[in-house]
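All values below come from the heavy atoms of this structure, side chains included, with hydrogens, waters and symmetry mates left out. The first residue of the sequence shown is numbered 1, and numbering continues consecutively from there.
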Amino acid sequence: MTDTTRSELRYEGKAKRVYATPNPAEYLVEYKDDATAFNAQKRGSWAGKGATNNAITAALYPKLEAAGIPTHFIEKLSSTEQRVKAVTIVPVEVIVRNVAAGSFAKKLGLEEGKTLARPVVEYCYKSDALGDPLVNTDTAVALGWASEGDLARIRELALQVRDFLTPFFEQRGIRLIDFKLEFGKLPSGQIVLADEISPDTCRFWDAETNEKMDKDRFRRDLGGVEEAYGEMLRRVEQA
Ligand code: TMP
């Protein structure tokens with residue numbers, strides 16, 4: 001039997017804790033009920049948030065694997081925990097946009113909801129202290145965060161994730177507006193999708209009502225946050 005006992009805490013993020021395990025090739029990820037926004041200036045928490053995001057990620061990652069996208073995910077262990085492959089995270093947040101919203105709409109003076117003629121991939125340096133600043137691939141290579149080859153692979157995988165998820169959610173009555181991914185490197189050098197895919201890291205709009213079904217409900221004090229997360233889990237689990 002796999003020994004998944006938690007060893008030392010490796011990393012504590014705003015919404016997850018990552019623990020070492022007796023197997024150096026694996027980590028245990030625990031999803032917390034905490035939510036933050038605007039680089040942790042706004043904080044909240046609700047019961048069941050960690051379990052919902054764990055369940056959504058644990059449902060999506062095997063589907064992405066089946067679609068040919070390598071991920072760090074191994075298995076769901078409990079309502080809030082999953083086993084993953086130990087990776088070194090590339091410190092770049094990869095944002096893919098189908099539709100103008102959020103910071104992209106704001107900085108370019110666009111109305112939220114304008115469909116883009118092609119997907120846009122953006123990169124941000126993963127640093128809360130600096131507010132996750134937008135960077136380009138030259139910067140990432142110059143500062144030694146990733147090689148040119150790794151970044152090309154990351155972009156290719158990010159677009160494959162988009163090509164899988166966009167119709168997946170459309171079939172479930174959800175418009176996938178944009179999302180954020182993180183990638184990690186295995187000891188072999190292989191780049192794999194890491195982190196999570198959940199209403200914390202995506203914008204989901206109901207295709208019929210345009211209602212926001214994601215963390216913007218928390219960021220913008222729209223109410224009904226738990227209900228929206230629960231509804232997203234239900235749609236993901238829909239056959
Ligand atoms: P943005 O429009 O605020 O740049 O966000 C783009 C997408 O990335 C959106 O789906 C929310 C997600 N996101 C994160 O997952 N973490 C973050 O720290 C930020 C700023 C956005």
Side-chain angles (χ1 to χ4, degrees), residues 12-16 31-57 59-60 80 92-116 119-135 158 161-162 165-166 168-170 172-182 195-238:
E12 176 149 13
K14 287 166 292 193
K16 294 190 288 298
Y31 283 69
K32 305 194 285 187
D33 285 342
D34 299 339
T36 66
F38 314 117
N39 302 305
Q41 288 174 56
K42 182 183 174 101
R43 290 173 180 277
S45 174
W46 62 92
K49 180 202 181 243
T52 305
N53 284 354
N54 186 34
I56 292 174
T57 299
L60 292 176
T80 55
V92 172
E93 298 195 351
V94 180
I95 295 170
V96 182
R97 301 182 186 272
N98 285 325
V99 175
S103 67
F104 184 86
K106 193 170 178 193
K107 82 179 166 203
L108 297 173
L110 300 169
E111 202 180 314
E112 281 203 311
K114 178 188 162 58
T115 297
L116 302 168
V120 170
V121 182
E122 292 178 337
Y123 308 93
C124 297
Y125 176 43
K126 191 173 153 63
S127 163
D128 280 335
L130 299 174
D132 296 343
L134 198 63
V135 293
V161 171
R162 180 254 177 205
L165 290 182
T166 306
F168 175 87
F169 283 112
E170 197 175 297
R172 287 159 179 79
I174 296 290
R175 225 173 139 200
L176 177 60
I177 304 298
D178 56 35
F179 55 93
K180 186 267 296 180
L181 303 174
E182 293 184 28
D195 197 50
E196 67 179 285
I197 298 180
S198 74
D200 271 13
T201 62
C202 303
R203 284 197 173 91
F204 297 125
W205 293 3
D206 185 282
E208 274 178 23
T209 64
N210 264 339
E211 211 182 330
K212 297 186 199 310
M213 307 285 291
D214 56 60
K215 197 172 160 190
D216 272 347
R217 302 205 71 84
F218 169 74
R219 293 189 191 97
R220 304 179 188 190
D221 295 320
L222 299 175
V225 189
E226 289 179 59
E227 292 77 5
Y229 277 57
E231 176 61 16
M232 282 310 304
L233 173 57
R234 203 186 63 74
R235 303 251 189 139
V236 164
E237 286 179 337
Q238 198 171 298

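Evaluated for a salt bridge (Lys or Arg N to Asp or Glu O under 4.0 Å) with D206, the options R217, R235, R172, K212 yield exactly one hit, R235. No option in T201, V96, D200 other than T201 meets the side chain to side chain contact (heavy atoms under 4.5 Å, CB included) test with K180.
Between L181 and F179, the closest side-chain pair of non-hydrogen atoms falls below 4.5 Å. Side chains of L134 and Y123 form no contact here, defined as non-hydrogen atoms less than 4.5 Å apart. Residues I197 and V161 have side chains in contact (heavy-atom distance under 4.5 Å, counting atoms from C-beta outward). Under the 4.5 Å side-chain criterion, counting only non-hydrogen atoms from C-beta, L176 is not in contact with I174.
Between N53 atom CG and T80 atom OG1 the span is 11.5 Å, to the nearest 0.5 Å. The line from CG of L110 to CZ of F104 is 6.0 Å long, rounded to the nearest 0.5 Å. Note that SG of C124 is 4.0 Å distant from CD1 of I95, once rounded to the nearest 0.5 Å. Atom CE in M232 sits 10.0 Å away from atom OG in S198 (nearest 0.5 Å). Interatomic distance, R97 CZ to R162 CZ, rounded to the nearest 0.5 Å: 14.0 Å.
Judged by distance alone, with hydrogens and angles left aside, the side-chain atoms of Q41 form a donor-acceptor pair with the main-chain N or O of F38 at under 3.5 Å. A donor-acceptor contact shorter than 3.5 Å is absent between the side chain of E93 and the backbone of E182. With K32 contributing its side chain and G13 its backbone, the two residues share a donor-acceptor pair below 3.5 Å.
We find that D34 and K16 are not joined by a salt bridge, their nearest charged nitrogen and carboxylate oxygen being 4.0 Å or further apart. Salt bridge absent: E111 and K106 never bring a charged side-chain N and a carboxylate O closer than 4.0 Å. R203 and D214 are not joined by a salt bridge, as no carboxylate oxygen comes within less than 4.0 angstrom of a charged side-chain nitrogen.
Ring planes of F204 and F169: tilted class, angle from 30 to 60°.
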Can you check side-chain hydrogen bond (donor to acceptor under 3.5 Å, both in side chains) on R219 and T36, steps first, answer last?
-> CA-CA 8 Å; R219 293 189 191 97; T36 66; over 6 Å; no
Check step by step if side-chain hydrogen bond (donor to acceptor under 3.5 Å, both in side chains) holds for T166 and N98.
-> CA-CA 9 Å; T166 306; N98 285 325; 3.2 Å; yes
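What you find for K49 and A35 is that their closest heavy atoms are CE-CB, 3.9 Å. In terms of heavy-atom proximity, A105 sits nearest to E112 at CB-CG, 3.9 Å.
Annotation for K42: atom NZ counts as buried by contact number, over 12 foreign heavy atoms lying within 6.0 Å. Q238 CD: more than 12 foreign heavy atoms inside a 6.0 Å radius.
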